[in-house]
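To find a chain, count down the sequence lines: A is the first, B the second, and so on, and within it residues start at 1. The analysis underlying the following values was restricted to heavy atoms, covering all of them including side chains, and did not include hydrogens, waters or symmetry mates.
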Amino acid sequence: MFVEEQKSFDLNLWKNISYGGSFIFKFEGSISQEIITQYLITLDKFLKKENLVRSTKKILIVSIELLQNIFKHSSPYNNIEKFCIIKCIKLKDVLLTEYLNLIDKNHFIILNDRINQLNLLDHNEIKSLYLKILKEYSLTEKNQANLGLLQVYRKTKTKIYPKFVKLNNEYFFYILKLHFF
Amino acid sequence: MNSIKIESTTKTPYVYLDPTQGLIEIKGRSIPENSVEFYKPIIEWLDKYSSQPQPKTVVNIQLEYFNTSSSKCILDIFKKIEALYNSGKDVIINWYYEEDDEDMLEAGEDYQSIIKVPFKMIEIQP
């Protein structure tokens, strides 16, 4: 897993990078249910306009899992509760989505281990694990299925390699970049 | 017992539960933040219905897409239906999905592999 020190990461630069594409959606601040809905509606409209209907559901399914996870797990940053940055960029043949939020050290350790484990599995193993958890485990007290990350793997059919930026001994930025073709 | 009708929203599906017809319908998008809260009245209705069910219960599911916490709640509904089936009642789950919608087809197949009741996959035109 790639952990970068804060001194080599420029948040202001990162949030404005469009990689030569055009922004379809950009948000910085406290994530809310209204922002999640607004993002999904924008994505849905864009994908239908671009005639990417077959990809639409996959992108929406992945986005909802990631955003609801951010909503549940984000720590405050600069006194902003549930701080996050959402970027959705249209590149030539690719839709690029990037998400940044702040997580505490415990969550970083759990997430890092989980992603390292899942990156060792092939698509069929991911599917089997998804079905096992769906079948055998109940929702947690926080109304979590523990299936969100697995769903991201399952729908994107790729490994994921987030970047973690260490702010101090307690907090990390969690940055996830996903491409949809 | 009463029927229940819940209109759809941008995050929750249309729900219709009719005890006289033995009909359970869920249609639309299911991405509530708190899925347990949304599905709780449905599960409670099913518990009551199961004490005096119709000879045949038909479950129609036509979902656009749903989040993973909803997927657990939908499985809970199917487990109630499975219990009815195991008690000797006639049940059928109809899972509707749009042509070319491989995600909802796959989701239906997931449930079909877990729940041991008559489960029909029905392709529809968008």
> Above 12 or not: heavy atoms from other molecules or residues under 6.0 Å from CG of A:Asn79?
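Counting neighbours around CG of A:Asn79, 12 or fewer heavy atoms of other residues, nucleotides or ligands fall under 6.0 Å, so no.
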> Other residues, nucleotides and ligands only: do more than 12 of their heavy atoms fall within 6.0 Å of NZ on A:Lys26?
yes
> For residues A:Lys58 and B:Asp103, report the shortest heavy-atom separation together with the two atoms involved.
NZ-OD1, 2.9 Å
> Between B:Tyr14 and B:Leu63, is there shared hydrophobic-cluster membership here, with clusters defined by ILVMFWY side-chain heavy atoms closer than 4.5 Å?
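Unlinked, B:Tyr14 and B:Leu63 end up in two clusters.
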> Less than 4.5 Å apart, any side-chain heavy atom of A:Ile133 and any of B:Lys72?
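Counting from C-beta outward, A:Ile133 and B:Lys72 do come under 4.5 Å.
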> Between the side chain of A:Gln68 and the main-chain N/O of B:Ile31, is any donor-acceptor distance below 3.5 Å?
yes
> Honestly curious: do A:Leu149 and A:Leu120 fall in one hydrophobic cluster under the side-chain, below-4.5 Å linking rule?
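Result: no, two separate clusters.
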> I'd like to know whether CD of B:Glu99 has more than 12 heavy-atom contacts from other residues, nucleotides or ligands below 6.0 angstrom.
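Yes, enclosed.
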> Restricting to salt bridge (charged side-chain N to carboxylate O under 4.0 Å, His left out), what partner residues turn up for A:Lys15, sequence neighbours left out?
A:Glu28
> Taking A:Lys57 for the side chain and B:Glu64 for the main chain, is one N or O donor matched with an acceptor at less than 3.5 Å?
yes
> By a 4.5 Å heavy-atom criterion (distance strictly below it), what part of B:Ser70 contacts chain A: side chain, backbone, both, or neither?
neither
> Drop me the distance from A:Leu60's CG to B:Phe66's CZ, to the nearest 0.5 angstrom.
13.5 Å
> Inspect the contact between B:Glu106 and A:Lys155 and indicate whether a charged nitrogen and a carboxylate oxygen are less than 4.0 angstrom apart.
yes
> How many angstroms lie between atom CG of B:Asn67 and atom CG of A:Leu67, to the nearest 0.5 angstrom?
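Reported value, rounded in 0.5 Å steps: 11.5 Å.
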> Please determine whether the number of non-hydrogen atoms from other residues, nucleotides or ligands lying under 6.0 Å from atom NZ of A:Lys159 exceeds 12.
yes
> For A:Ser32, enumerate each residue passing the side chain to side chain contact (heavy atoms under 4.5 Å, CB included) test, keeping only those at least two apart in sequence or located in another chain.
A:Glu34, A:Ile35
> Between atom CG of B:Asp110 and atom CZ of A:Arg154, what is the distance when rounded to the nearest 0.5 Å?
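Going from the CG atom of B:Asp110 to the CZ atom of A:Arg154 covers 4.0 Å.
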> What's the verdict on side chain to side chain contact (heavy atoms under 4.5 Å, CB included) for A:Ile61 and B:Met104, showing C-alpha distance, side-chain angles and the deciding distance?
CA-CA 11 Å; A:Ile61 289 168; B:Met104 287 307 104; 4.2 Å; yes
> Let me know if A:Gln151 has heavy atoms under 4.5 Å from chain B in its side chain, its backbone, both or neither.
side chain
> Select all residues of residues 77-95 of chain B having any heavy atom within less than 4.5 Å of some heavy atom of chain A, and report them by number, or 'none'.
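Within residues 77-95 of chain B, the residues under 4.5 Å from chain A are B:Lys79.
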> Can you say whether A:Leu40 sits under 4.5 Å from chain B via the side chain, the backbone, both, or neither, judging by heavy atoms?
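Side chain only.
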> Return the set of residues passing salt bridge (charged side-chain N to carboxylate O under 4.0 Å, His left out) with A:Glu170 (not counting sequence neighbours), or none when no residue passes.
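Partners of A:Glu170 by the salt bridge (charged side-chain N to carboxylate O under 4.0 Å, His left out) criterion come out as none, since no residue qualifies.
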> If hydrophobic clusters are built by linking Ile, Leu, Val, Met, Phe, Trp and Tyr wherever their side-chain heavy atoms come under 4.5 Å apart, do B:Ile6 and B:Tyr39 end up in the same one?
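Same cluster.
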> Would you compute the distance between atom OG of B:Ser71 and atom CG of A:Leu147 and round it to the nearest 0.5 angstrom?
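Here the interatomic distance stands at 5.5 Å.
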> Ignoring hydrogens, what is the shortest heavy-atom contact between B:Ser113 and A:Leu131? Give both atom names and the distance.
OG-CD1, 4.2 Å
> Mind checking whether A:Tyr137 and B:Ile43 sit in one hydrophobic cluster, side chains of I, L, V, M, F, W, Y counted as touching below 4.5 Å?
yes
> I'd like to know if A:Leu129 and A:Ile160 are part of one continuous hydrophobic network [Ile/Leu/Val/Met/Phe/Trp/Tyr, side-chain heavy atoms within less than 4.5 Å].
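Yes, A:Ile160 and A:Leu129 fall within the same hydrophobic cluster.
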> If you count heavy-atom pairs within less than 4.5 Å of chain A, which of B:Asp76, B:Asp101, B:Ile115, B:Thr10 leads?
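The option with the most such pairs is B:Asp101.
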> By a 4.5 Å heavy-atom criterion (distance strictly below it), what part of A:Ile64 contacts chain B: side chain, backbone, both, or neither?
side chain
